[in-house]
**Student:** 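So that we are looking at the same thing, I have put the structure below in structure tokens.
Reckoned from all heavy atoms, side chains included, excluding hydrogens, waters and symmetry mates.
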Amino acid sequence: QMQVIIIGAGRGSRLMPTTADTPKCFAEVGGRRLLDWTLHALGENPARPLGPENICFVGGYQIEKVQRDYPGFTFRNNDNWQNNNILGSLFYAEDVMQEGFLCAYSDILFTPPVVAGLIESTADIALGVDTCWLERYAERTEHPPDDAEKVTVENGTLTGISREIPQQDAHGEFIGVARFSPAGAALLKEHYHRCQEQFSGQPWGAAALFEKAYLIQLLEEMIQQGVTMTHVDTAGGDIEIDTQQDFQYAHEQWRENHLKR
């Protein structure tokens, strides 16, 4: 059974007031919560339908509301969510990684074909990448391209993943959804613990503290160490919901073809 890890511990303070009293993944687009769109993408993908029984949700802020409404999930509680970040959050679910897994940020809209492409990839580590990302950023003044988790690629392989990549060099933007085979998961764990031992409680790259690091920092470190990662591309089959402006955009742009039940 493929494990899915959804990373949803943070508060999403930039999406206030929508997140004043509910987890960010409860924000609704087209009459459905972001979390329900995730379930739709997982369940309707043609490669291997994935249901609630496949999902481990790493929660933190108002986790009890997710536990109440989604009793079919497995949960891991990041009770230190105010002091850590996406990478640390993901590793609260380390115990379910060994057979391989698909992970997703909880504030992303994405489509079934994105999931299918990642599941069908034969690579040990495959990242979902939006090649139409710049069209999306044309209107995105509250979350500029500098903030995008951009990737560079060569011959199907990632050569870099960082916010610092100049936009003209970027192949696309990492959409926050990735798949790791058992071997890929082992590599992720090995590099995480190596960096944790070295940098715990200290600055690490762009992070003020290792504990505040993003997932892409570990992925970049792994690329630098020679780990191969491939990209599975989508031309706009995703939207990140980080600000009220994004929320508005999603209401307007997440079109009928994504709304099929």
Side-chain angles (χ1 to χ4, degrees), residues 2 4-5 7 41 45 47 85-87 90-91 97 100-105 108-138 140 143-195 198-199 204-207 210 213-240 242:
M2 176 165 285
V4 179
I5 301 171
I7 310 166
N45 89 81
N85 208 332
I86 293 165
L87 179 60
L90 172 61
F91 271 81
M97 290 181 181
F101 67 96
L102 187 137
C103 65
Y105 301 164
I108 312 289
L109 287 165
F110 55 97
T111 58
V114 170
V115 178
L118 288 166
I119 290 175
E120 288 171 338
S121 170
T122 54
D124 284 324
I125 302 176
L127 273 57
V129 172
D130 184 359
T131 52
C132 286
W133 71 287
L134 267 179
E135 293 173 27
R136 164 81 186 88
Y137 275 83
R140 210 174 175 198
H143 184 114
D146 296 354
D147 220 10
E149 299 190 334
K150 298 177 283 290
V151 300
T152 52
V153 305
E154 199 175 302
N155 302 325
T157 301
L158 263 73
T159 54
I161 177 166
S162 164
R163 289 185 168 84
E164 274 67 59
I165 291 168
Q167 66 184 54
Q168 66 272 15
D169 297 343
H171 171 76
E173 177 182 24
F174 173 48
I175 65 169
V177 188
R179 189 192 57 78
F180 297 82
S181 73
L187 282 165
L188 185 79
K189 291 197 276 190
E190 175 195 325
H191 285 273
Y192 175 79
H193 290 294
R194 174 178 62 79
C195 294
Q198 201 174 343
F199 298 105
W204 183 51
F210 175 80
Y214 287 90
L215 172 59
I216 60 167
Q217 282 179 252
L218 182 60
L219 297 176
E220 170 70 14
E221 165 72 17
M222 290 167 70
I223 292 167
Q224 301 302 331
Q225 296 286 332
V227 175
T228 301
M229 299 180 196
T230 62
H231 52 102
V232 173
D233 293 348
T234 176
D238 65 286
I239 299 178
E240 178 189 16
D242 192 51

**Student:** Ignoring hydrogens, what is the shortest heavy-atom contact between Cys195 and Leu218? Give both atom names and the distance.
**Tutor:**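 Cys195 and Leu218 have their closest heavy atoms at SG-CD1, 4.3 Å.
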
**Student:** Look only at the side chain of Thr152 and the backbone of Gly160, and say whether a donor-acceptor pair between them is shorter than 3.5 Å.
**Tutor:**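 Flag set: sc Thr152 to bb Gly160 pair under 3.5 Å.
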
**Student:** Give, for atom NZ of Lys150 and atom CD of Gln168, the distance between the pair rounded to the nearest 0.5 Å.
**Tutor:**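 Those atoms lie 10.0 Å apart.
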
**Student:** Of all heavy-atom pairs between Glu164 and Ser162, which one has the smallest distance, and what is that distance?
**Tutor:**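 Here Glu164 and Ser162 meet closest at N-OG, 2.8 Å.
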
**Student:** Would you call Leu118 and Phe110 a side-chain contact if the rule is heavy atoms closer than 4.5 Å?
**Tutor:**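 The answer is no, as the side chains (C-beta and beyond) never meet within the 4.5 Å cut-off.
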
**Student:** Can a salt bridge be assigned to the pair Asp146 and Arg163 using a cut-off of 4.0 Å between side-chain N and carboxylate O?
**Tutor:**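 No salt bridge links Asp146 with Arg163.
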
**Student:** Side chain to side chain contact (heavy atoms under 4.5 Å, CB included) with Ala178: which residues, sequence neighbours excluded?
**Tutor:**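 Once residues adjacent in sequence are excluded, the partners of Ala178 under the side chain to side chain contact (heavy atoms under 4.5 Å, CB included) criterion are Cys103, Leu127, Phe174, Phe180.
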
**Student:** Can you name the side chain to side chain contact (heavy atoms under 4.5 Å, CB included) partners of Ser121, sequence neighbours left out?
**Tutor:**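 Expected list: Ala123, Ala126, Arg179, Thr230, Val232.
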
**Student:** Answer whether the closest heavy-atom distance between the side chains of Ile125 and Leu158 falls below 4.5 Å.
**Tutor:**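 Contact flag for Ile125/Leu158 side chains = no.
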
**Student:** Is the shortest side-chain heavy-atom distance between His231 and Val151 below 4.5 Å?
**Tutor:**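 His231 does not reach Val151 side chain to side chain.
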
**Student:** Within the 4.5 Å heavy-atom criterion, are Ile161 and Ile223 side-chain neighbours or not?
**Tutor:**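 Yes, side chains in contact.
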
**Student:** Measure the shortest side-chain to side-chain distance between Trp133 and Gln167 over non-hydrogen atoms and say whether it is less than 4.5 angstrom.
**Tutor:**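 Answer yes - side chains close enough.
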
**Student:** Would you sort out whether Leu90 and Ile5 count as a side-chain contact (heavy atoms from CB on, under 4.5 Å), showing the intermediate values?
**Tutor:** CA-CA 8 Å; Leu90 172 61; Ile5 301 171; 3.8 Å; yes

**Student:** Work out which heavy atom in Ala104 is nearest to a heavy atom in Val177; give both atom names and the distance.
**Tutor:**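 Residues Ala104 and Val177, closest heavy atoms: CB-CG2, 4.1 Å.
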
**Student:** Which class fits the ring pair Phe91 and His193: parallel under 30°, tilted 30 to 60°, perpendicular over 60°?
**Tutor:**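 Plane angle over 60°, so perpendicular.
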
**Student:** Mind checking whether Val114 and Ile175 have side chains closer than 4.5 Å, heavy atoms only?
**Tutor:**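 In contact.
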
**Student:** For Thr131, which residues count as a side chain to side chain contact (heavy atoms under 4.5 Å, CB included) partner, sequence neighbours excluded?
**Tutor:**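 Applying side chain to side chain contact (heavy atoms under 4.5 Å, CB included) to Thr131 gives His171, Asp233, Ala235.
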
**Student:** Could you list the residues that satisfy side chain to side chain contact (heavy atoms under 4.5 Å, CB included) with Asp124, not counting sequence neighbours?
**Tutor:**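 Asp124 satisfies side chain to side chain contact (heavy atoms under 4.5 Å, CB included) with Ser181, Ala183 once adjacent residues are dropped.
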
**Student:** Identify, with sequence neighbours excluded, every residue that meets salt bridge (charged side-chain N to carboxylate O under 4.0 Å, His left out) alongside Glu173.
**Tutor:**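 For Glu173 there are no salt bridge (charged side-chain N to carboxylate O under 4.0 Å, His left out) partners, ignoring immediate neighbours.
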
**Student:** Under the rule for salt bridge (charged side-chain N to carboxylate O under 4.0 Å, His left out), what residues qualify as partners of Arg194, not counting sequence neighbours?
**Tutor:**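 With neighbours one apart ignored, the set is Glu221.
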
**Student:** Output the distance between atom CD (Gln217) and atom CE (Met222), rounded to the nearest 0.5 Å.
**Tutor:**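 Going from CD on Gln217 over to CE on Met222, the span is 14.0 Å.
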
**Student:** Keeping the roles fixed (side chain from Asp130, backbone from Gly172), state whether a donor-acceptor pair exists under 3.5 Å.
**Tutor:**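 Here the side-chain-to-backbone pair does not exist.
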
**Student:** Is it the case that more than 12 heavy atoms not belonging to Glu135 sit under 6.0 Å from its CD atom?
**Tutor:**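 Atom CD in Glu135 is not crowded, with 12 or fewer foreign heavy atoms closer than 6.0 Å.
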
**Student:** Out of curiosity, Met229 CE to Thr159 OG1, how far, rounded to the nearest 0.5 Å?
**Tutor:**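 Taking CE in Met229 and OG1 in Thr159, the distance rounds to 11.5 Å.
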
**Student:** Quick one: CD1 on Ile86 to OH on Tyr214, what's the gap to the nearest 0.5 Å?
**Tutor:**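 It comes to 6.0 Å.
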
**Student:** Please find the pair of heavy atoms, one from Phe199 and one from Phe210, that lie closest to each other, and give the distance.
**Tutor:**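 Between these two residues, the closest heavy atoms are O-CB, 3.3 Å.
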
**Student:** Could you check if a side-chain atom of Leu215 sits within less than 4.5 angstrom of a side-chain atom of Tyr192, using non-hydrogen atoms only?
**Tutor:**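 No, side chains not in contact.
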
